[in-house]
Every structure is written in C-alpha cells, then in structure tokens.
2 protein chains.
Amino acid sequence: MQKKEAPLHNNLAWPTVQRLSEYLIILEQFAEGGREVISSSELAEVYSNTPSQVRQDIFRLPNTGRVGQGYRIKELAEAIRETLGLDSVTKIVIVGCGRMGMTLAQHIPFGEHGMKLCGIFDNDPTIIGLEIEGTKVEDVSILEKKVVESAVSMAVLCVPASVAQELADRLVSSGIKGILNLTRQRLKVPPGIYVQYEQIICSFMQLAYKCKQSPRPAPNL
Amino acid sequence: MQKKEAPLHNNLAWPTVQRLSEYLIILEQFAEGGREVISSSELAEVYSNTPSQVRQDIFRLPNTGRVGQGYRIKELAEAIRETLGLDSVTKIVIVGCGRMGMTLAQHIPFGEHGMKLCGIFDNDPTIIGLEIEGTKVEDVSILEKKVVESAVSMAVLCVPASVAQELADRLVSSGIKGILNLTRQRLKVPPGIYVQYEQIICSFMQLAYKCKQSPRPAPNL
DNA sequence: TTAACATTGATAAAATTTTAACAGCCATTG
DNA sequence: CAATGGCTGTTAAAATTTTATCAATGTTAA
C-alpha cells in the first residue's frame, strides 16, 4: 500500500489540530521514557479515543508510519511539530504580570516547544524590573516598541478584563498574529488575527456538566 | 409558535456544552453592565459565531426566549447554569499547592459559579498551614478523609506529573466524580469518572497552528 | 520459502454538528 | 386596528467529523 502524496496546502480539521497537540505531549513523554515505537491502539488507549481516530488524525501528516510496525515516536512527534508550525521558533510576549502572568512565565516550558519568551510587560512599578526565568519585566509603555523590534508573533494576555481590549488593540497594531487570552473579556480583533480563549472557569463548568450525568459513587477505601 | 417540551433527559452535544459555558461568562458580563435583553445575533457577534448556532445551542435549554424580542439575560444565564449543573453547589478541592495551585485558588471565583472550595492540599511542610482565600492548606495525607467527609465531587490536580496518577487514584477511591487535570500526565480512571484536561501549552500549540495559516501582518502604529 | 500475524494507509459508511430557511409571535407604528 | 419589522423556535439540509472496514506490507516463525 502506497502512501498518497501529502497535499501541499495541508488544512487540518480543528478537532484534529486539538488532538494532535495533545498527542505530542504524550509522545514526548514516551520519548523521555526511552520508548521508540508506538502503535495507534496504544496511543488511543492513553488518549482515550479509538485507534481509528488516531490513524485518521495522523493520516494527514507528512510522516509515514510503518505498516505492521507502528510509528517511530520521534518521527511522529517531529511531523506533528512541523504541521502545527512549531518547527521554527515562535516569539512570544506575556502581557500582564500579575499572579497568573507570573505563574505562566515560570510554569510553561516555552523553549521545549519551539517558542521563545521575548518579553514580559506590566504597569506596576513594584513588579517592573523583576527577573522571571531570565526575562526582566518591562514597562508596558514600551510594549509596541519591543513587539515591533523583535517581530513577536504571539502574545499571552493576563491583564484585568477592563483593559484587555485596549491591550489587544495595541498588540494588533504592533503586528501580532495571535493572542492567547486568559481574561474573561471577549476580544474584537480584525480578520486574520487569531484569539484563543483559555478560561479555566469554563473547564470547571464543563466538568460539572459531565459529572452531573451520573451520581457520585460511594468511596471505596 | 409553541416551544416544544424540553426533553427530560437533556443530553447536550459536547461542543454545545463548551459554547454554553462561554456564553454564560459573556451573559454575566452583560448583566453586570446592566443590560437586560440580548438577541442571538448580538451574542453571536460577541462570541464570533452565527446567530443560528446560538439559537440552536439555546434551543435545548428549558428557558424560553421571547420571539421577536430576544433573550432576558438573567433568565438565559440561569437556564445555562441549571443545564450545566451549576445551580446546586459543587464541592471542590485543590490538590497540589505549588505556584499553579495557589494561583488558581486565588484567581478563580468559585463562589460566583456555584462551586465551593472545600480544601487545598499539599505535602510541603512550608506551605501546609498557609491560608489562601480563607482556606487553610492541609497535609495531603488527610486528603481521603476530607474528601469523604465533605462529599467533595470535583478536584483540581496541580501536582508534579510524576505523582499525578497516584493522587488521581486516591481521589477516585475517595469517591470523587471529576478531575480537572492541569498536569501533563494522562490519567487512567475507571468508567464513570471524568477527567478534563487543561494544558495551556496545548493552547499555545493550537494558536501557533492558526497563526501559521497566514503571514505576520505589518505593524500599523 | 511460506504462512501467520500485527498494524498501517486509505476509503466508505455512519454519526454528529453546523448552517439555512421559515412560520409564528410580539411589539411598534401609522 | 391593521400592517410592518425584528427575532425566536423548529425543522430540514449541508457539511464535517468519527467510526468501520479491509487490502497491503513488513516481520517473525515454522
């Protein structure tokens, strides 16, 4: 069976993109553990979906698995990175260094995923100047200057909701391409600019819905 | 036009549940601002989808909008809360009070969304005893006892990946129903227990994919 | 060498989700 | 009071996404 040529303009379905990013995390962990090969059914087991869906997701990738053998973990991970656009460095800034911004700055292994943290900005004089994970917090007044200078392409927005739109506008006018929005403010941006909303409270609500489907089980200690 | 009776066993499509939780945040903001009524097209505009989809999502809710008038914001919000299971109090614990756990404890307005934070647990003696937003951090060794006692139904997991599965097991055996997992460890849980994964790094990757679709625009200052 | 086995790549069918269309209702206006 | 306009509830069609199926292929064992 011959693998069809990968289409040049690879347009993946959004649910597929979401799963691929999660597969990548799983693959990286397997790789750390020294595993070299994984089958679609094993990945499906860990991810809690079906082998068929895993194969369908991987099907669009440039990579080739080995029929009868499974996938080389490193090759597959690389193929996912490439497809997601993580093979070349993505420059990022964090806007708002309150509790959440600071936590993200310290918590997220940007470097491990093809991203480079190029700046952290805040307007609080007691925070400006602090060094977090090797990056100094700068005054938000020089945000535009820095974003343009470094040609930053993505921003994380962790400011109070009341100023979120204003800062989004400033980021957009500085040429930013995507915003990861952790505020509860919906943002209005021009076409071609992408906003990804990340509201943990919504995840709670969604989990609450799942939990409602059946009664709480008895403890089993 | 007569509204059909709401089906008793209201089973919503998952994408619908996701959107409803986000609509709720938007509605709450409009309500704060003093607005009383909203139309499907207005909500669609803010959310960036279509009026048709908004109406389709709302269609399954027990609530009734007013034909020709739009939706009463408070009624609609209440209907969403009810449907999502946020009308009765959901008891929650936070497991792991490192940087992320602490940030969540301080950052998330549990009370405003029908949830009650019933405990924060860690194993670090320098952290145990701290009081965060009115809740004392307790020793994780009494986790099971507390979860059973208070009949807690959801947990947030913010521990190192290496101990995530172990703690998930302990939570499950204590009768927990749902886990919001912020670690990068995939969890294995029995059927009927729900895990919601929340990996910010994945949101970054997904945003990177969106951004890859078109080139970075020129700044426009 | 040949047969048995495991597992992918690919396609087709099934299921789900989104979009479109419109009748009916309420408020408002002339 | 009738006509107009705006917007929902509902259904049907279209599009997308998931699942099922199976031929093809490399590996291993007899």
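Naming: A, B, ... by sequence-line order, numbering from 1 per chain. The analysis underlying the following values was restricted to heavy atoms, covering all of them including side chains, and did not include hydrogens, waters or symmetry mates.
Spacing between atom CH2 of A:W14 and atom C1' of C:dT17 amounts to 17 Å, rounded to whole angstrom units. Following rounding to the nearest Å, A:E42 (CD) and C:dT8 (C1') show an atom-to-atom distance of 15 Å. Atoms CD (B:Q18) and C1' (C:dT16) sit 14 Å apart, rounded to a whole Å. In this structure, A:N49 places its CG atom 15 Å from C1' of D:dA20, rounding to the nearest Å. Straight-line distance from the CD1 atom of A:I58 to the P atom of C:dT11: 17 Å, rounded to whole Å. One can place CD1 of B:I38 at 14 Å from C1' of D:dT8, the figure rounded to the nearest angstrom. As a whole-Å value, the separation of B:Q53 CD from C:dT16 P is 17 Å. The interatomic distance linking B:L20 (CG) with C:dT18 (P) rounds to 11 Å, in whole Å.
When each of D:dA20, D:dT25, D:dT11 is scored by its nearest atom to the side-chain atoms of B:Q56, the top-ranked nucleotide is D:dT11.
Crowding of A:E45 atom CD: a count of heavy atoms from other residues, nucleotides or ligands under 6.0 Å not exceeding 12.
Looking at A:Q106 and B:R99, their side chains do bring a donor and an acceptor atom within 3.5 Å of each other.
Under the rule for a side chain to side chain contact (heavy atoms under 4.5 Å, CB included), the partners of A:K116 that lie at least two apart in sequence or sit in another chain are A:V89, A:C118.
Using a 4.0 Å heavy-atom cutoff across all strands shown, B:S52 reaches at least one base atom of the nucleic acid. Across all strands shown, B:S41 has no heavy atoms under 4.0 Å from either base or sugar-phosphate atoms.
Applying the 4.0 Å criterion to OP1 and OP2 of C:dT19, one finds that B:T50 has a side-chain N or O inside that range. A sub-4.0 Å separation between OP1 or OP2 of C:dG9 and a side-chain N or O of A:Y71 is present.
Both A:T16 and B:G70 lie close to DNA chain D; mapped to their nearest nucleotides by heavy-atom distance, the more 5′-ward contact belongs to B:G70. Nucleotides of DNA chain C nearest to B:Q69 and B:R19 differ in position, and the one nearer the 5' end is that of B:R19. When each of A:R55 and A:P15 is assigned the nucleotide of DNA chain D bearing its nearest heavy atom, the one mapping closer to the 5' terminus is A:P15.
Taking 4.5 Å as the limit, every side-chain heavy atom of A:K177 sits out of range of all side-chain heavy atoms of B:K210.
Relative ring orientation between B:F110 and A:F204 is described as perpendicular, the plane-to-plane angle rising above 60° on a 0-90° scale split at 30° and 60°.
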